Engineer: 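Quick one: structure below, then a few questions.
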Amino acid sequence: MHLVVLGTGIVGTCAGAWLQRDGHRITFVSPVPPGEACSFGNAGSLSPSACLPVGMPGMWKQVPGWLRDPEGPLAIRPAYLPALLPWLLRFLRHSSREEVVRIATAMRGLLAPIFESYAPLLERAGATHLVRRTGCLYVYGSGPSAARWRWGMDLRRGLGVELRDIGEDELAQMAPDLRGRFRFGILAPENGSTLDPEALVKALHAQCIADGAVTVQDTATGFEKRSDTVTAVRLASGQMLPCDGVVVASGAWSRPLAAQLGSEVPLETQRGYHVTVQSNNLQLRHTVMAPEYNLMVNPMAMGLRLAGSVEFAGLAPPPNYHRADVLLAKGREMFPHLDSSRTTRWMGHRPCLPDSLPVIGRAPRTANAWLAFGHGHVGMCAGASTGRELAHLVAGRPTQVDLRPFAPDRFRTFHS
C-alpha cells in the first residue's frame, strides 16, 4: 500500500521505517524537516523505567505552591486557564492510586521493548553509535528524602523494572560530579539514552528515503474520503496526495486531524524547555534524574542537557525563556563547578493526554487511518515500539504489546 505518514518526529519516522519493512510505500508529510520540533529538544532518555504517569497520587496538593512559585516546575499562563481547565479535571481523575497502577502497567508494556524495537532500525541506518546503555541514576539528598518517592519506585519494581539502591560512597565513585549534594541513589541499569536525538531521527529518516520513501514539506489540512475510507490527504498548498491509507503522527498538532477522522481526543501541549550547556566540563557517564530538583540531566554530544520544566499556554504564544533560565540555575545548584559560559535554550510542544498514555490505534470511524500521538515525556522512549506495533495493526497481525489501554476511542466516556 501507499501510506502517507503525517509527521517526521521520532514517532512518525519510526512508524514509516517499520511500515517500510512490511513493503509499504511511504510518503512523509511535515511542515518542518525531520527531527525538528519536539524530537529536536527532548531530554534524550531511552528509559524502560519511565512508566509512571505525570499525574501521581497527592500531586494536586503541590500544584498551588508550584503555581505561586515563579521558579517552580509548573506554570500555567492565566489567559489559558479557562481553556485548560476541562483537561486538568480529567488529569486529576487519572491521578488516583488505582489509575496510576493501571497506567504504569500499560506504559511498562510499551516501554520494555525499547531497545529491541530500535535495534533493526538503527542497524539498517548505521546509527547504533547514537544510542548507549549506561543506565540512569535517580539521585537524592539522603535516603529519608528518597522515601517521598518510594511508592512510585516500588510500583516500578513490581512491574519488573530493575532498580538497585546506591549508597553515598558508591554514588561518589559512579558520578564524582555529584559528590557533596547527593548521598543516596537508585540505579536503573536497563535504561539508556541517545547522544543526539535530532541526529537519531534524521538518520532513521534518511534511511527511509534511501529505501524509497519521499517527503513532502507541507502541512496536512484534511482528507478526501469515500464512505469510511481515506482516498487522499489535502495539503495547505492545495495539493491532493492520493493514498491507500494514512498515519497521523503530528505530535501536538494532531488533534484537528484526528477529529476529521472521527476521533475526538483531548490532546494538550505541555510546553517543555531545555538548556544545553555547550561548555560542559562534567564527566557524567549516566543520565541523572534529580526528583528534588524536577530535573533530568543528560550528557550529550553537543553538551549537557538540562530538562524538566512544564508550561501550559497552548500552541500559539511565544516562549517564556525564563523557564529555561530556571533550569540552568538548578543545574548550577546541583553542580556548583559546572562551566556554563556557553549555553543554548529551547522550547518545544510535548503532545500529552490527561491519562499520560499516547493514542495508538486505528481511527474509530475510518477503515484505513491510524493514530500515533500524545506520547508526552516519552516520545523518544516509545517511538520505535509504537512504530512496530502500528505496523502490526496495519498488517492485521496480533500486536506484541497490549494496545487496549492506548485505544483512540477510550475518551468517549467523557462525552456521555
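Worth knowing before you read on, the calculation uses all heavy atoms, side chains too, and leaves out hydrogens, waters and symmetry mates. What you see is a predicted model; the values in this text were computed from it and never measured.
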Engineer: Backbone N or O of D196 within a donor-acceptor pair of the T194 side chain at under 3.5 Å?
Structural biologist: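 Judged by distance alone, yes, a pair lies under 3.5 Å.
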Engineer: Whether the side chain of Q20 engages the backbone of C208 through a donor-acceptor N/O pair (distance < 3.5 Å, no angle test) should be reported.
Structural biologist: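 Indeed, once roles are kept as given, a pair shorter than 3.5 Å links the two residues.
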Engineer: If we ignore angles and hydrogens, is there a donor and acceptor under 3.5 Å between the side chains of Q270 and H377?
Structural biologist: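 Short answer, yes.
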Engineer: How close do T399 and L403 get, heavy atom to heavy atom, and via which atoms?
Structural biologist: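 That closest heavy-atom pairing would be CG2-CD1, 3.7 Å.
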Engineer: Identify which one of R164, R156, R108 satisfies the salt bridge (Lys or Arg N to Asp or Glu O under 4.0 Å) criterion when paired with E190.
Structural biologist: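 Only match with E190 under salt bridge (Lys or Arg N to Asp or Glu O under 4.0 Å): R108.
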Engineer: Does the salt bridge (charged side-chain N to carboxylate O under 4.0 Å, His left out) test come out yes or no for R397 and D22, once each step is laid out?
Structural biologist: CA-CA 11 Å; R397 296 188 294 262; D22 279 346; 2.9 Å; yes
Engineer: Give a yes or no on this: more than 12 heavy atoms of other residues, nucleotides or ligands lie within 6.0 Å of atom CZ of R132.
Structural biologist: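 It does: R132 CZ has more than 12 such atoms within range.
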Engineer: Would you mind checking if E99 and R102 are paired as a salt bridge, meaning a charged N to carboxylate O distance below 4.0 Å?
Structural biologist: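 Counted as a salt bridge, because a side-chain N and a carboxylate O are separated by less than 4.0 Å.
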Engineer: Looking at the rings of W253 and F373, which for Trp means the six-membered one, are their centres under 6.0 Å apart?
Structural biologist: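 For W253 and F373, the ring centres are not under 6.0 Å apart.
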Engineer: Tell me every residue that passes side chain to side chain donor-acceptor pair (under 3.5 Å) with Y140, counting only those two or more places apart in sequence or in another chain.
Structural biologist: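 Result, side chain to side chain donor-acceptor pair (under 3.5 Å) vs Y140: none returned.
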Engineer: Under 3.5 Å, sequence neighbours excluded: what are the donor-acceptor pairs made by side chains of residues 235-250?
Structural biologist:
unit_1	atom_1	unit_2	atom_2	d
S237	OG	D218	OD2	2.5
D244	OD2	H2	N	2.8
S250	OG	L6	O	3.2

Engineer: Do side-chain atoms of T343 reach the backbone of S340 as a donor and acceptor pair under 3.5 angstrom?
Structural biologist: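 Here the side-chain-to-backbone pair does not exist.
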Engineer: Could you point out which residue of R345, R323, E311 forms a side chain to side chain donor-acceptor pair (under 3.5 Å) with Y273?
Structural biologist: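 Filter result, single survivor: E311.
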Engineer: Can you confirm if the NZ or CZ of R133 lies within 45° of the ring axis of F115 and under 6.0 Å from the centre of its six-membered ring?
Structural biologist: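 Checked: cation-pi criterion met.
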Engineer: Between R157 and D165, does any side-chain N to carboxylate O distance fall below 4.0 Å?
Structural biologist: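 Salt bridge flag = yes for D165 with R157.
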Engineer: Donor-acceptor check, side chain of D177 to backbone of Q283, threshold 3.5 angstrom: yes or no?
Structural biologist: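 A pair under 3.5 Å: yes.
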Engineer: Let's go through R77 and F312 carefully: what are the C-alpha distance in whole Å and the side-chain angles of both, what is the deciding distance for side chain to side chain contact (heavy atoms under 4.5 Å, CB included) to 0.1 Å, and is it a yes or a no?
Structural biologist: CA-CA 6 Å; R77 297 200 187 180; F312 288 100; over 6 Å; no
Engineer: Is there a side-chain hydrogen bond (donor to acceptor under 3.5 Å, both in side chains) between T221 and R234 once you walk through the steps?
Structural biologist: CA-CA 6 Å; T221 58; R234 189 183 310 114; 4.7 Å; no
Engineer: Is the charged tip of R97 near the ring of W151: under 6.0 Å from the six-membered ring centre and within 45° of its axis?
Structural biologist: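 Yes, cation above the ring, under 6.0 Å and within 45°.
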Engineer: Please check if the side chain of S263 supplies one atom and the backbone of A258 the other of a donor-acceptor pair under 3.5 Å.
Structural biologist: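 Here the side-chain-to-backbone pair does not exist.
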Engineer: Measure the CD-CD1 distance between E198 and I10 for me, rounded to the nearest 0.5 Å.
Structural biologist: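 So the CD of E198 and the CD1 of I10 are separated by 12.0 Å.
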Engineer: Could you grab the distance from atom CG of L328 to atom CG of L306, nearest 0.5 Å is fine?
Structural biologist: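 These two atoms lie 6.5 Å from each other.
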Engineer: Kindly confirm or rule out a cation-pi arrangement of R21 over W18, judged by NZ or CZ under 6.0 Å from the six-membered ring centre and within 45° of its axis?
Structural biologist: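 Relative to the ring axis of W18, which defines the angle, R21 lies inside both limits.
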Engineer: Can a donor-acceptor pair be found, under 3.5 Å and without considering hydrogens, that links the side chain of N298 to the backbone of M300?
Structural biologist: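 No, because the side chain of N298 does not come within donor-acceptor range (under 3.5 Å) of the backbone of M300.
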Engineer: Inspect the contact between R181 and E292 and indicate whether a charged nitrogen and a carboxylate oxygen are less than 4.0 angstrom apart.
Structural biologist: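 Judged by the 4.0 Å cut-off on N to carboxylate O distance, E292 and R181 do not form a salt bridge.
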Engineer: Begin from the C-alpha positions of R90 and D355 and carry the test salt bridge (charged side-chain N to carboxylate O under 4.0 Å, His left out) through to its verdict.
Structural biologist: CA-CA 8 Å; R90 293 179 179 183; D355 59 1; over 6 Å; no
